[in-house]
Amino acid sequence: MNNIKFLKPVNEDCAWEVDRQDVDPVNNTTFIYNKNISLPLDEQRKRLPVYKYKKHVLFLIEKFQTMIIAGDTGCGKSTQIPQYLFEAGWCQNNLKIGVVEPRRFCATTLARRVADEQRCEIGTTVGYSIRFDNCHDPNATKIKYMTEGILVREMMADPLLCEYSVIILDEVHERNTLTDILMGLLKKILRKRKRLKLIVMSATADVVSLKNFFNNKRENLKSENTATVLCIEGKVYPIMIHYVNDPVPDYVTGVVDCICNIHKNELDGDILAFLTGSEEIDRAILQLKERLTENSNKYLSPMILPMYGALPNSEQLKVFRPTPKNMRKIIISTNIAETSITIFGIVYVVDCGFVKLRWFNSKIYADTLVVVPVSQASAEQRAGRAGRIKPGKVYRLYPEREFENLTLFTPPEMSRTDLSAAVLQLKALGIDNVLRFTFPLPPPAENLLLALELLNAIEAIDDKGYLTKPLGTTMVEFPLSPLHSKTLISSSEFGCSDEISTILAMLQVDNVFVKPSSGANSIKARIEKRKFEVEEGDLITLLNVFTAFEKNSNNAKSWCIQHFINFKALRRAHEIKSQMLKLMERFNIPLISCDGNAENVCRCITSGFFPNAVYLHYSGVYKTVRGGEDLYIHPSSVLYNVAQPQWLLYCELIHTNKLYMRDITVIKSSWLEELGKKFYHKAT
DNA sequence: GAGCACTGC
C-alpha cells in the first residue's frame, strides 16, 4: 500500500505509527479471558455462573416488567441472557431483543461472541449497530447489540420502541449520562407499552434504588410490584484488605513503596495499581524502575507496564499478554482498569484511593477535571480485580476509618457535568419540562437551569423553552455538542460550511500532532507543526492540517509520518466529516467554501462559540466576559508563544493547576457585539 | 510548559 516497510519496530521514534488499526478486531480475543476455550461452545455456555439462573430469568421476565440483574463481569450475563430469551421465544412476531452497551468495543465483541454461539454469521440473527458501523439485517436480526447513543436515536424515530420485545441495559453501574436518560425514558415507555420488558444489568450499583425507580406499584395500593431483583453469584475468591495506619503524604510514592514491598515479600501473582492520570503513572514507573532490580525478588523479575486510554494501542496490548515465566507483571493504571477492561492474572491490587473525574463548574460554565477520593463502590470494584484466579490481597493507601467516610457511590455523570447536550436531547424526545423529568437521580437544578439558559442564548430553544424551528430541531440531528452544531448550522450563512465541517471534525479527535519523547525527533515534530500554525489560532491550524492531509491522500500514511501527524486521528476526522456532510445534505445546509478567507471562518466560529469569549485584562491574564474568571492559554496552543491578542474564544477548558484554554481562536470584540448580542447585553 | 474514562442515525 505504501512505503513504510523500512521502518523497524525497534526504532522507538516510529512506535507511535503502530496503532489500533493494526489489531484485527475479529481475531483479537486478548481482552476476554476464557478458561474453557478448549471445550465445545455449548459446553462452555453451561459452565458459566449465569447458567444456573436460566430458569429464574425466564420465570421472572414473565412475571415482572422490569428485572434488575446484579452480577459481576465474567458471570456471562451479557452474552447468555439475550440467548435464553431468544431460545424461549421472545423474538416471535418479528420482535427483537435489544442489548445496549456503553462502549462500541463491548457491543461488537459481545455480538460476535453470541453469533458464534448461535452458529450464525454476524449480521444475520445476531447483529450490532454502532456509529459508523452497522452490521445487522432489519428483517433477520433478532438479537441486536448497540451503543447507548444508537438507542436514543432510535427512540427519536420510534418513541415506543415497537420493534423490541425486550430491552437489556448493560453495565448500568457506570451511570453515563446516556444511561440515565435512557432509564428515565424507558420508565415512561414501560407505562405505555405494558408488553415491553426491561432488564437492567449492573455489577455493583445499588440495585434497591434501581428497583424502586422502576417499580410502578403505587403506594398504599394492593397492586403488584412491577420490578424485581435477581442476584447472580459469580465465582470469586476471598480478598484480604489492608489499610495504612496513617494517611500517606504523597500517594504516588505511597503506591511505589507498596509495590516494592509486595514484589519483595509476596508469592507470585501480578500487581495492579490504580493512580489518577498518565502523568502520575509515568512518574511512578520512573521510580519503580530505579528501585526494583532483578535482585529484588529471587524468583521473579519485575515487568512494569503503564495502562491508560491515551496510550497507543500496541502499548495497551502488552498488558493483556500472559505473564512470562519467572516474571511478575506490575501494571500501573488509571480508572480504565476499574470497569472498562479486565486484566487476567491479578492477585494484588494497590489503590491510591483517588480518581480523576469530570466536574461541572457553574462559575465558568464548563466541565473541569478534578481529583477526588473514590467512592466505596469504586473501592470495592477495584478490590474485586484481585480475586479472580485465587485468593487476593488489596492494599488501600488510606486508614480504615477513612473508608467509612467515603461516599457510597460515585455520583452519576449527570449530576456532575454540563447538561446542555442532554437537555437538548430530552427536548427533542418530547420532554418539554426537563425540571420535572423523572431522572434515576435528579441532577442539581442549577445545572439544568444553566443548560436551559445557554440553549436559549444560542437560540436552540425559545423563551418558553421549546425547541426553535428550524435551528433547534436541526441541531439535535447532528452528533455534536450544542455549540458545535450551532456553529455548523450557521456556517453556510458565512459562506464557509466546508471549512467549518472540517474544523468541527478535527475538534472531535485527539492527539492530532504526534509528540515523540526523544530529543531530536521532538524538535523535528515541533518544526513540522510550525508549518501548519497560523496567527488566527488553533482551529485554522487544524484546518490547514486536514487540508494538507486530503491533498496527500494517495500516500496519506507516509505523509503523516513525515509531518508528525497522527494518521489514525486524521482518518477518523475524515470519517466524521463525511458523516456530517451527509447530514448537512439531508438538512439542506449547502456546502460552501470561502476559499481561504479566514475572517469568514473566525466570524462563523464566533457565532457559535460566543459564550466562551475572554479578553486580556491589564494584569496580563485573560478573564471570561461573563464571570470574570481567570483563564490561561494552554501550552499546546499555537498562541502560547506569541504576543497575547486582546480577544479570544476557546473551545475547551482543562483544569489542572490552572484553568487552561485549548483550541483557541483570535476574534474582534465587534464580532461579539454583533453575533452574541443577546447573550452579552446583560453581562456588560 | 501539559494530558480520567467513555460515546453519538
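Predicted, not measured: the structure shown is a model, and the values here were computed from it. Letters go in sequence order (proteins before strands), and every chain restarts at 1.
- Between A:Q579 and B:dC9 there is a side-chain polar atom (N or O) within less than 4.0 angstrom of OP1 or OP2.
- The phosphate of B:dC4 (OP1 or OP2) has no side-chain N or O of A:Y308 nearer than 4.0 angstrom.
- Within the 4.0 angstrom heavy-atom criterion, only backbone atoms of the sugar-phosphate kind lie near A:I336; the bases stay farther away.
- Straight-line distance from the CG atom of A:N335 to the C1' atom of B:dA5: 7 Å, rounded to whole Å.
- Contact between the side-chain N/O atoms of A:T147 and the OP1/OP2 oxygens of B:dG8 is found at a separation under 4.0 Å.
- Backbone-only engagement by A:R104 is indicated by non-hydrogen atom pairs under 4.0 Å involving sugar-phosphate atoms exclusively.
- Using cut-offs of 30° and 60° for the angle between ring planes, the A:F532 and A:F513 rings count as tilted.
- Between A:E652 atom CD and B:dC4 atom P there is a gap of 12 Å when expressed in whole angstrom units.
- In this structure, A:R103 reaches the sugar-phosphate backbone alone: every heavy-atom distance under 4.0 Å involves primed, P, OP1 or OP2 atoms, never a base.
- Here the P atom of nucleotide B:dA2 and the CG atom of A:L639 are 17 Å apart, to the nearest Å.
- Checking B:dA5, B:dG8, B:dG1 against every side-chain atom of A:P635, the shortest atom distance belongs to B:dG1.
- The side chain of A:I654 approaches B:dG3 more closely than any other nucleotide in the set B:dG3, B:dC9, B:dA5.
- Within the nucleic acid shown, A:R662 has no heavy atom closer than 4.0 Å to any nucleic acid atom.
- Between B:dC4 and A:S278, a contact under 4.0 Å exists linking OP1 or OP2 to a side-chain N or O.
- Closest approach to the A:E477 side chain among B:dC4, B:dC9, B:dG1 is made by B:dC9 (side chain taken as heavy atoms from C-beta onward).
- Enclosure of atom CD in A:E535 is not indicated, since only 12 or fewer non-hydrogen atoms of other residues, nucleotides or ligands lie within 6.0 angstrom.
- Between A:E533 and A:R526, at least one side-chain N (NZ, or NE/NH1/NH2) sits under 4.0 Å from a carboxylate O, which counts as a salt bridge.
- Here A:D367 pairs with A:R358, A:F360, A:T417, A:D418 under the side chain to side chain contact (heavy atoms under 4.5 Å, CB included) rule; sequence neighbours left out.
- Listed nucleotides: B:dC9, B:dA2, B:dA5. Nearest to the side chain of A:R358: B:dA5.
- For A:K515 and B:dA2, the NZ to C1' distance is 8 Å, given to the nearest whole Å.
- Rounded to an integer number of Å, the gap from A:W359 CH2 to B:dC4 P is 17 Å.
- Across all strands shown, A:L480 has heavy atoms under 4.0 Å from base atoms, whether or not it also approaches the sugar-phosphate.
- The residue A:E338 sits apart from the nucleic acid: no heavy atom pair falls under 4.0 Å.
- Taking the side chain to side chain donor-acceptor pair (under 3.5 Å) definition, one finds that A:N335 meets it with A:R382, sequence neighbours left out.
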